[in-house]
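Read through the structure below, which is laid out as structure tokens, and then see the notes.
None of these values were measured; they are calculated from a predicted model. Reminder, nothing fancy here: chain letters follow the sequence lines and each chain counts from 1.
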Protein chains: 2
Amino acid sequence: MKKTILVFSLLIFAILLLFQISKYAIISGSLKIEITIGVIAVIFLIIGIYINKKSLQNSKLPSTEINHQKISELEITEREYEVLKGISEGLSNKEIGDKLFLSESTIKTHVSNLLVKLNAKRRTQALQIAKDFQII
Amino acid sequence: MKKTILVFSLLIFAILLLFQISKYAIISGSLKIEITIGVIAVIFLIIGIYINKKSLQNSKLPSTEINHQKISELEITEREYEVLKGISEGLSNKEIGDKLFLSESTIKTHVSNLLVKLNAKRRTQALQIAKDFQII
DNA sequence: TTCGAGCTCATACTAAAGTACCAAAGTGCT
DNA sequence: AGCACTTTGGTACTTTAGTATGAGCTCGAA
């Protein structure tokens with residue numbers, strides 16, 4: 001907060017200085033009005049963009065992209081990934097099996113392999129880790 | 001894209017018009033230089049903020065805010081919410097108990113109540129629902 | 001064709017998770 | 001004090017999750 005006040009104080013000072021310089025430069029005829037206005041316009045355009053960027057920086061977006069490279073890095077196969085998505089939807093093994101037309105046994109196998117690859121003890125932990133890796 | 005070109009064309013036209021008006025107004029002495037520059041500055045500050053906001057709007061952030069109102073709406077108590085956070089961290093009931101200095105039985109009670117309140121059958125489904133409600 | 005990887009499924013088991021009760025203690029309100 | 005609600009914890013039970021192991025199948029690379 002102290003920093004913000006300091007920055008704004010300096011900004012206002014700089015603007016006032018700019019006004020005075022441009023005013024006397026125009027009166028003495030050494031500077032065209034068009035150029036002065038153009039410079040002012042560009043400066044404030046940049047200030048506007050800067051202020052807005054700063055204010056939006058706090059609510060930083062967590063990059064919703066899926067990290068496909070990480071998936072192959074972890075050697076997670078196609079089927080395993082399907083199962084992982086099922087888990088993230090809150091489905092039981094049985095339900096995932098029904099969805100993918102597989103037996104519950106097969107899902108259990110895939111889940112077990114997933115847990116090893118994600119270094120997790122439970123499916124909920126697998127979800128948390130997968131989110132960290134931006135896999136889901 | 002066509003819209004962008006149109007908007008920028010109109011913008012440039014408006015700016016040129018502004019320059020001419022201000023130029024002749026100053027020469028005819030009916031307008032002070034300070035005021036002109038001030039107006040230009042404010043206009044471009046707003047334009048800068050506007051441009052930046054538009055450019056960041058595409059990568060819209062999914063509002064990472066927690067919906068506290070929804071939590072009380074669902075009548076989720078303080079303790080239950082603590083347990084929910086534990087679940088979202090991928091912890092087992094035992095681990096949540098250790099963390100909150102409670103017995104596993106107590107955690108089970110809280111989890112059961114949570115599942116009813118969130119209308120979920122499993123803890124993973126509870127997570128998915130809680131995420132939908134922006135509770136976690 | 002032999003090999004490895006991936007996918008499928010099964011059995012048998014252990015470990016968690018979840019349900020349905022009950023009950024005591026604390027808290028806040030009237 | 002009495003009431004409603006939360007929090008805590010227990011027992012007994014069912015269901016789901018997860019492990020270990022084995023086995024058959026397909027497909028592409030060596």
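In the displayed structure, B:Lys121 atom NZ is contacted under 6.0 Å by at most 12 heavy atoms of other residues, nucleotides or ligands. Atom NZ of A:Lys94 has 12 or fewer neighbouring heavy atoms from other residues, nucleotides or ligands inside a 6.0 Å radius. Counting non-hydrogen atoms of other residues, nucleotides and ligands closer than 6.0 Å to CG of A:Asn119 gives a total of 12 or fewer.
Distances shorter than 4.0 Å separate some side-chain N or O of A:Thr106 from OP1 or OP2 on C:dC9.
Formation of a donor-acceptor pair under 3.5 Å by the A:Ser112 side chain with backbone atoms of A:Thr109 is not found in this model. For B:Ser72 (side chain) and B:Glu75 (main-chain N/O), no donor-acceptor pair under 3.5 Å exists by modelled atom type. Of the possible polar contacts, one joining the B:Glu95 side chain to the B:Ser92 backbone as a donor-acceptor pair under 3.5 Å is found. For B:Glu80 (side chain) and B:Thr77 (main-chain N/O), a donor-acceptor pair under 3.5 Å exists by modelled atom type. Without hydrogens or angle criteria, B:Arg122 side chain to A:Gly90 main chain gives a donor-acceptor distance under 3.5 Å.
In this structure, B:Glu75 and B:Leu102 both approach DNA chain D, and ranking their closest nucleotides by distance from the 5' end singles out B:Glu75.
The distance between atom CG of A:Leu84 and atom P of C:dC7, rounded to the nearest whole Å, is 14 Å. We find that OH of A:Tyr81 is positioned 19 Å from C1' of C:dG6, with the value rounded to whole Å.
With a 3.5 Å limit on both pairing distances and Watson-Crick or G-U wobble geometry required, the stems of 3 or more pairs in DNA chain C span C:1-30 with D:1-30.
When only modelled atom types and interatomic distance are considered, B:Ser103 and B:Thr106 share a side-chain donor-acceptor pair under 3.5 Å.
A:Ser105 comes within 4.0 angstrom of a nucleotide base, judged by non-hydrogen atoms across all strands. Here A:Glu78 lies in heavy-atom contact (under 4.0 Å) with sugar-phosphate atoms only.
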Once each nucleotide of nucleotides 17-30 of chain C is scored for protein heavy atoms under 4.0 Å, what B/S/- sequence comes out, 5' to 3'? BBB-----------
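A 4.0 Å heavy-atom criterion places the boundary nucleotides of DNA chain D facing chain A at D:dA17 to D:dT19, written 5' to 3'.
Between B:Ile135 and B:Leu74 there is a side-chain heavy-atom pair separated by less than 4.5 Å.
For B:Val83 against B:Ile96, the heavy-atom pair with the smallest separation is O-CD1, 4.0 Å.
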